[in-house]
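First the structure, in the form of structure tokens, and then the observations on it.
Scope of the values below: all heavy atoms of this structure, side chains included, with no hydrogens, waters or symmetry mates.
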Amino acid sequence: MTSHDALLLLSFGGPEGPEDVIPFLENVTRGRGIPRERLEKVGEHYHLFGGVSPINRLCRELKAAIEADFAAHGVDLPVYWGNRNWTPYLADTVRQMKDDGIRHAAAFVTSAYSGYSTNDQYLQDIARAREEVPGAPEIDKLPVYWDRPGFLDPFTDAARDALGRLPDGARLLFTAHSVPLSQPNRDLYVAELEQAARTVADRAAPGTPWDLVYQSRSGPPSQPWLEPQITDHLEKLAGEGVCAVAAVPVGFVSDHMEVKYDLDVEAAGRAAELGIAFVRAATPGSDPRFAALPRQLIEESK
């Protein structure tokens, strides 16, 4: 028997209509002094997709897949869902859990790695939400899972499939969200990404050249972030005569906006300009192997 009486699926959140875009971006950037015109520029990415980020739909699909896995393995725990930056807001979800009599929940975060924005901020979110709800349940964040088969195996299959759609000589590019060099735990984040990429590359296509690159930086040009950016690296590869690239978004768990725009639109467009064949590998999403991770991590926590 686990000591937990519920699972909390905790994610980033995203707009679900054009009117949500700017308020959502204001939530994401609150306290950072980002000018309105910059928010409107980023908002254009969302408007290309009708003002809707895929992330909430993908969380609903993952929640359903987790519930199916629980049912198949006799795990009798309700699954709740809360977001950092959009509805359903985490504090509202914690309030509902409290009203339902939940006393001790496990939290599964849609971010696989250590680091400040990928782990520590979620711990802060949980603490803040509990402070807002008198009598809130205890909430234990489950461990990071970048090295778990349920995360790596779907990426291995996806990388192999992507390479199979390209001519011989294709290169693997593993992508992750860039972060400022000053961010706490940045070195641990990079080390985990490098090991995850190496594991997937070795399993999917032994001997195939690969690189770890970054995407989606949002800070001022004066602030150093992790590099190289994928578009810059594509230019370098073109100069070296590379003719085909499989992009594997190993830093992400689902095809949300930063995958759909930054890779499928921006990076793919730059590759086309450079004459490089470009295929983007799928993310785990609601793959049953990935959906089994919360149950496995809860069982290990007994």
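You'll find the side chain of V248 reaches within 4.5 Å of the side chain of L172, heavy atoms only. Using a 4.5 Å heavy-atom cutoff, the side chains of M257 and P54 are in contact. Counting only heavy atoms from C-beta outward, the side chains of V253 and F151 approach each other to under 4.5 Å. Taking the side chain as every heavy atom from C-beta outward, R60 and W81 approach each other to under 4.5 Å. Contact check for L58 versus L62: no side-chain heavy atoms found under the 4.5 Å cut-off.
Taking a cutoff of 4.0 Å between a charged side-chain nitrogen and a carboxylate oxygen, D264 and R280 qualify as a salt bridge. A salt bridge between R270 and E266 is absent, with no side-chain N of the basic residue lying under 4.0 Å from a carboxylate O of the acidic one. A salt bridge does not link K236 to E227: none of the charged nitrogens lies less than 4.0 Å from a carboxylate oxygen. Look at R128 and E132 and you find no salt bridge, because none of the NZ, NE, NH1 or NH2 atoms lies under 4.0 Å from a carboxylate O. Comment: D255 does not engage K260 in a salt bridge, judged by the lack of any side-chain N to carboxylate O separation of less than 4.0 angstrom.
By the salt bridge (charged side-chain N to carboxylate O under 4.0 Å, His left out) test, R36 pairs with E26, E40, sequence neighbours left out. E192 is linked by a salt bridge (charged side-chain N to carboxylate O under 4.0 Å, His left out) to nothing, counting only residues two or more places apart in sequence or in another chain. In this structure, the ring pair (Phe, Tyr, Trp, His ring centres under 6.0 Å) partners of F108, at least two apart in sequence or on a different chain, are Y145, F290. For the salt bridge (charged side-chain N to carboxylate O under 4.0 Å, His left out) test, no residue two or more places apart in sequence or in another chain qualifies with E194. Checked against side-chain hydrogen bond (donor to acceptor under 3.5 Å, both in side chains), Y89 has the following partners two or more places apart in sequence or in another chain: N27. By the salt bridge (charged side-chain N to carboxylate O under 4.0 Å, His left out) test, D92 is found to be paired with R95, residues two or more places apart in sequence or in another chain being considered. For H104, the ring pair (Phe, Tyr, Trp, His ring centres under 6.0 Å) partners at least two apart in sequence or on another chain are H4. With sequence neighbours excluded, no residue satisfies ring pair (Phe, Tyr, Trp, His ring centres under 6.0 Å) with H233. Under the rule for a side-chain hydrogen bond (donor to acceptor under 3.5 Å, both in side chains), Y122 has no partner lying at least two apart in sequence or in another chain.
Grouped by direct or indirect side-chain proximity (heavy atoms under 4.5 Å, Ile/Leu/Val/Met/Phe/Trp/Tyr only), F252 sits with L173, V213, I230, L234, L237, V242, V245, V259, L263, L274, I276, F278. Residue L188 is found outside any hydrophobic cluster, as its side-chain heavy atoms come under 4.5 Å of no other Ile, Leu, Val, Met, Phe, Trp or Tyr.
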Give the intermediate values and the outcome of side-chain contact (heavy atoms from CB on, under 4.5 Å) for residues I55 and S11. CA-CA 9 Å; I55 193 168; S11 194; 3.8 Å; yes
Step-by-step side chain to side chain donor-acceptor pair (under 3.5 Å) determination, S117 to Q183: CA-CA 8 Å; S117 57; Q183 190 171 102; 3.3 Å; yes
Start with the C-alpha gap between Y189 and L226, add the side-chain angles, then the distance that decides, and say whether side-chain contact (heavy atoms from CB on, under 4.5 Å) holds. CA-CA 11 Å; Y189 174 62; L226 288 173; 4.0 Å; yes
Apply side chain to side chain donor-acceptor pair (under 3.5 Å) to N119 and N185, showing your working. CA-CA 10 Å; N119 182 74; N185 292 326; over 6 Å; no
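For S111 and T118, the side-chain atoms include no donor-acceptor pair closer than 3.5 Å. With no hydrogens or angles considered, a side-chain donor-acceptor pair links Q96 and D100 at under 3.5 Å. A side-chain donor from one of E258 and H177 sits under 3.5 Å from a side-chain acceptor of the other. Judged by distance alone, the side chains of Q195 and T199 do bring a donor and an acceptor atom under 3.5 Å apart.
When hydrophobic clusters are built by joining Ile, Leu, Val, Met, Phe, Trp and Tyr residues whose side-chain heavy atoms come closer than 4.5 Å, directly or via intermediates, L9 is grouped together with L77. Residues L163 and V250 share a hydrophobic cluster, clusters being chains of Ile/Leu/Val/Met/Phe/Trp/Tyr side chains in contact below 4.5 Å. W146 and F12 fall into different hydrophobic clusters, where Ile, Leu, Val, Met, Phe, Trp and Tyr side chains are chained together by heavy-atom contacts under 4.5 Å. Connection of F49 to Y46 is established within a shared hydrophobic cluster, with ILVMFWY side chains joined at heavy-atom distances below 4.5 Å, either directly or through further cluster members. The hydrophobic clustering, which links ILVMFWY residues whose side-chain heavy atoms are closer than 4.5 Å, places V42 and V179 apart.
Heavy-atom neighbours of D76 CG from other residues, nucleotides or ligands within 6.0 Å: at or below the threshold of 12. By the neighbour-count criterion of 12 heavy atoms within 6.0 Å, atom CZ of R165 is densely surrounded, having more than that number from other residues, nucleotides or ligands.
Interatomic distance, CG of L193 versus OG1 of T175, reported as 9.5 Å (0.5 Å rounding). Separating the SG atom in C243 from the CZ atom in R171 is a distance of 11.5 Å, to the nearest 0.5 Å. Note that the CD atom of Q229 and the OH atom of Y214 stand 10.0 Å from one another [nearest 0.5 Å]. From N56, atom CG reaches atom CG of D20 across 9.0 Å, with rounding to the nearest 0.5 Å. The line from CG of L7 to CD1 of I298 is 5.0 Å long, rounded to the nearest 0.5 Å.
Less than 6.0 angstrom separates the ring centroid of W210 from the ring centroid of F174.
Test L152, D69, D157 against R289 for side-chain contact (heavy atoms from CB on, under 4.5 Å) and you get one pass: D157.
Side-chain atoms of N83 come within 3.5 Å of backbone atoms of T87 as a donor-acceptor pair (strictly under, hydrogens ignored).
The shortest heavy-atom contact between G14 and S53 is CA-CB, 4.1 Å.
Sorted by first and then second residue, the salt bridge (Lys or Arg N to Asp or Glu O under 4.0 Å) pairs with a member in residues 136-155 read R130-E138, R148-E300, D153-R203; sequence neighbours excluded.
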